[in-house]
Asker: 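Below is a structure I'd like to ask you about.
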Protein chains: 2
Amino acid sequence: METVIPLSTVCPSSDERVTLFALLLDTNARLSRSFAVRLEETCALPLAWFEVLLQLRRTPEGSLKMNEVAEAIVHSTGGTTRLIDRLEEAGLVQRQLCPSDRRAIHVAITAQGNLKLDDALSVHMGYLEEHLSSRLTCDERAELTVLLTKLNATR
Amino acid sequence: METVIPLSTVCPSSDERVTLFALLLDTNARLSRSFAVRLEETCALPLAWFEVLLQLRRTPEGSLKMNEVAEAIVHSTGGTTRLIDRLEEAGLVQRQLCPSDRRAIHVAITAQGNLKLDDALSVHMGYLEEHLSSRLTCDERAELTVLLTKLNATR
DNA sequence: GACAAGTTATTGCATCTGCAACTATAGTGG
DNA sequence: CCACTATAGTTGCAGATGCAATAACTTGTC
C-alpha cells in the first residue's frame, strides 16, 4: 500500500511501465523489421508467410484450421483468408476439407512449403546468432523467455 | 566451444532462440492489439497516433523533425508523411518550418494534442495496471527492461 | 424434424503502410 | 560560382490488413 503519490501521477510519460511498454513495441518493431528485410532478400519470403509456415510445422499434424492460424499469428480471420490465399497460390500450403465439419478448412503445409521453411529457418538461425546470441547470454535468453511468457499470459 | 551437434541442427523450429523470437512477436502482437482496441474505444485514438504524441512529449522541445519521428516510431518516411498529415488534420500536431534548414519540417505537439495525450496516458496507465503490474512484479519489470534494452542495442 | 442461435470462412470496402521516384535544399570540392 | 553529391520530405502506386456483412454449416432446444 502506497502512501505517497507515485511519480507516474506527476509525469506518466516517463513512468517506468510506460517506458517498458514503449520499449517492447520498439524492440519488436526493429527486430521484426530487420529480420523481415533479410528474409525477403535471401528467401523472397514475407515475414507473415514465415510465421504461418512455422506455426504449421509446430503442430503434430502439420495443419491448422483457418481460425487457429489466425489466432496463432494474431491476425483477423479476414486477413488470414487472404494471407492463406497467397501462400496457397505460391504452393506453400494447401487448403483441405474437414470431414467432420464442412464449414472448417484445414491448412496444411506442402512439401514445397517444408523446403521453403527449411531454407528460411537456416537464415533465421543465422540472424538470431547475430542479433540474439551476441546480445544476450544463454541465461539471459532463458530469463527473457520466462518474463515474456508471464507477460503473455491470457487471463 | 561446442563439440556436440546442437539441438537446433536437428530441429530448428523448436530451437530455444527461435522460440524466444516467436514469443517476442506474439507477446508484442497481443499486447499492442489489445491496447490499440482499448485506446480506440476510449479515446478514438489510433495506436500509431499515440506513439507519435508520446515521442513528441518525450523531447524537451516537444518537437521532432519528420525523419526523427519516422526513426522513433519505426516507420518509413513516406508512411510518416501521411501519418503526420492525419495528425495535423486532426489538430493534434503542427508542422513548422525550420529556420536553419529549409528542407526540414519540425513536428510540434499542439495544446489539443497535449490534452489528447493526457487522456490517452490515463487510459494507458489503467491498461498497464491490468496487463503489466498484475503479471510482473516491480523487480521483474526492471529485469525485463534491462533485457529488452540489451536486445534493442543497435550496433 | 424445425427453428434459433452460434460458428467458420470468405468478400467488399476502406485504411494504412512501404517502396521507389521526384522535388527542393544543403553541403563539398574545384 | 559551379557542378556534384547527399539529405529531407512528399507523392503515386501497389500490397496487406481489419471490420462488418454475408453465406454455409452446426448445435441446441422444443
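The figures that follow rest on heavy atoms only: side chains count, while hydrogens, waters and symmetry mates do not. Numbers restart at 1 for each chain; the letters A, B, ... are given by sequence-line order, proteins then strands.
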Asker: Taking only residues two or more places apart in sequence, or in another chain, which ones meet A:E40 in a salt bridge (charged side-chain N to carboxylate O under 4.0 Å, His left out)?
Answerer: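 Partners of A:E40 under the salt bridge (charged side-chain N to carboxylate O under 4.0 Å, His left out) test: none.
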Asker: Could you pull out all residues at least two apart from B:R33 that satisfy salt bridge (charged side-chain N to carboxylate O under 4.0 Å, His left out)?
Answerer: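 Applying salt bridge (charged side-chain N to carboxylate O under 4.0 Å, His left out) to B:R33 gives none.
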Asker: Please list, for nucleotides 21-25 of chain D, all pairs of protein and nucleotide N/O atoms separated by less than 3.5 Å.
Answerer:
from   : atom 1 : to     : atom 2 : distance (Å)
D:dC25 : O2     : A:R103 : NH1    : 3.4

Asker: Which two nucleotides bound the region of DNA chain C that has atoms under 4.0 Å from heavy atoms of chain B, read 5' to 3'?
Answerer: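 It runs C:dC16 to C:dA26.
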Asker: Which residues in residues 58-75 of chain A have at least one heavy atom lying under 4.0 Å from any atom of DNA chain C?
Answerer: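 Heavy-atom contacts with DNA chain C come from A:K65, A:M66, A:N67.
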Asker: Sequence neighbours left out, what passes ring pair (Phe, Tyr, Trp, His ring centres under 6.0 Å) with B:H106? Give chain and number order.
Answerer: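 B:H106 satisfies ring pair (Phe, Tyr, Trp, His ring centres under 6.0 Å) with no other residue.
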Asker: Could you check how far CD of B:E88 sits from C1' of D:dT10, rounded to whole Å?
Answerer: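 To the nearest whole Å, that distance equals 13 Å.
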Asker: Applying side-chain hydrogen bond (donor to acceptor under 3.5 Å, both in side chains) as the test, list every pair that has at least one member in residues 95-104 of chain A; sequence neighbours left out.
Answerer: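 Found A:D85-A:R95, A:E88-A:R95, A:D101-A:R103.
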Asker: Does D:dT10 have OP1 or OP2 sitting under 4.0 Å from an N or O in the side chain of B:R95?
Answerer: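 So the side chain of B:R95 is within the cut-off, an N or O lying under 4.0 Å from OP1 or OP2 of D:dT10.
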Asker: Go through the structure and list residues passing ring pair (Phe, Tyr, Trp, His ring centres under 6.0 Å) with B:H131, not counting sequence neighbours.
Answerer: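 Result, ring pair (Phe, Tyr, Trp, His ring centres under 6.0 Å) vs B:H131: B:Y127.
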Asker: Should we count CD of A:E89 as having more than 12 external heavy atoms under 6.0 Å?
Answerer: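 Result for CD/A:E89: open.
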Asker: Taking OP1 and OP2 of D:dT11, is either one under 4.0 Å from a side-chain nitrogen or oxygen of B:R82?
Answerer: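 Answer no for this pair, as no side-chain N or O of B:R82 is under 4.0 Å from OP1 or OP2.
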Asker: Using the closest heavy atom to pick a nucleotide of DNA chain C for each, name whichever of B:S76 or A:T81 lands nearer the 5' end.
Answerer: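 Nearer the 5' end of the strand: A:T81.
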Asker: Going from CZ on B:R141 to CG on A:L147, what distance comes out if it is rounded to the nearest 0.5 angstrom?
Answerer: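 Interatomic distance, B:R141 CZ to A:L147 CG, rounded to 0.5 Å: 11.5 Å.
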Asker: Please answer whether the main-chain N or O of A:N114 pairs with a side-chain N or O of A:R57 as donor and acceptor at a distance below 3.5 Å.
Answerer: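 Yes, A:R57 side chain to A:N114 backbone: donor-acceptor pair under 3.5 Å.
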Asker: Measure from CD on A:E89 to C1' on D:dA16 and round the result to the nearest Å.
Answerer: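 After rounding, the reported distance stands at 16 Å.
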Asker: For A:L83 and for A:S100, find the nucleotide of DNA chain D with the closest heavy atom, then tell me which residue's nucleotide is more 5'.
Answerer: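 With A:L83 and A:S100 compared, the 5'-side residue is A:L83.
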Asker: Return yes if some donor-acceptor pair links the side-chain N/O of B:T110 with the main-chain N/O of B:G91 below 3.5 Å, else return no.
Answerer: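 Here the side-chain-to-backbone pair exists.
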Asker: Under the salt bridge (charged side-chain N to carboxylate O under 4.0 Å, His left out) rule, collect the residues that match up with A:D119, sequence neighbours excluded.
Answerer: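 A:D119 satisfies salt bridge (charged side-chain N to carboxylate O under 4.0 Å, His left out) with no other residue.
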Asker: Using modelled atom types and a 3.5 Å cut-off, is there a donor and acceptor pairing between side-chain atoms of A:R135 and backbone atoms of B:K150?
Answerer: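 No, because the side chain of A:R135 does not come within donor-acceptor range (under 3.5 Å) of the backbone of B:K150.
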Asker: May I ask you to list the residues of residues 26-54 of chain B, by number, that have any heavy atom positioned under 4.0 Å from an atom of DNA chain D?
Answerer: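 B:R33 - these, ordered by number, are the residues of the stretch whose heavy atoms sit under 4.0 Å from the strand.
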Asker: Any ring pair (Phe, Tyr, Trp, His ring centres under 6.0 Å) involving residues 69-92 of chain B? Give me the pairs, sequence neighbours left out, ordered by first then second residue.
Answerer: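 Listed once each, the pairs would be none.
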Asker: Only pairs at least two apart or in different chains count here, so list each ring pair (Phe, Tyr, Trp, His ring centres under 6.0 Å) that has a residue in residues 38-74 of chain B.
Answerer: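 Every ring pair (Phe, Tyr, Trp, His ring centres under 6.0 Å) pair that includes a residue of residues 38-74 of chain B, provided the two are not neighbours, is B:F35-B:F50, B:F50-B:H124.
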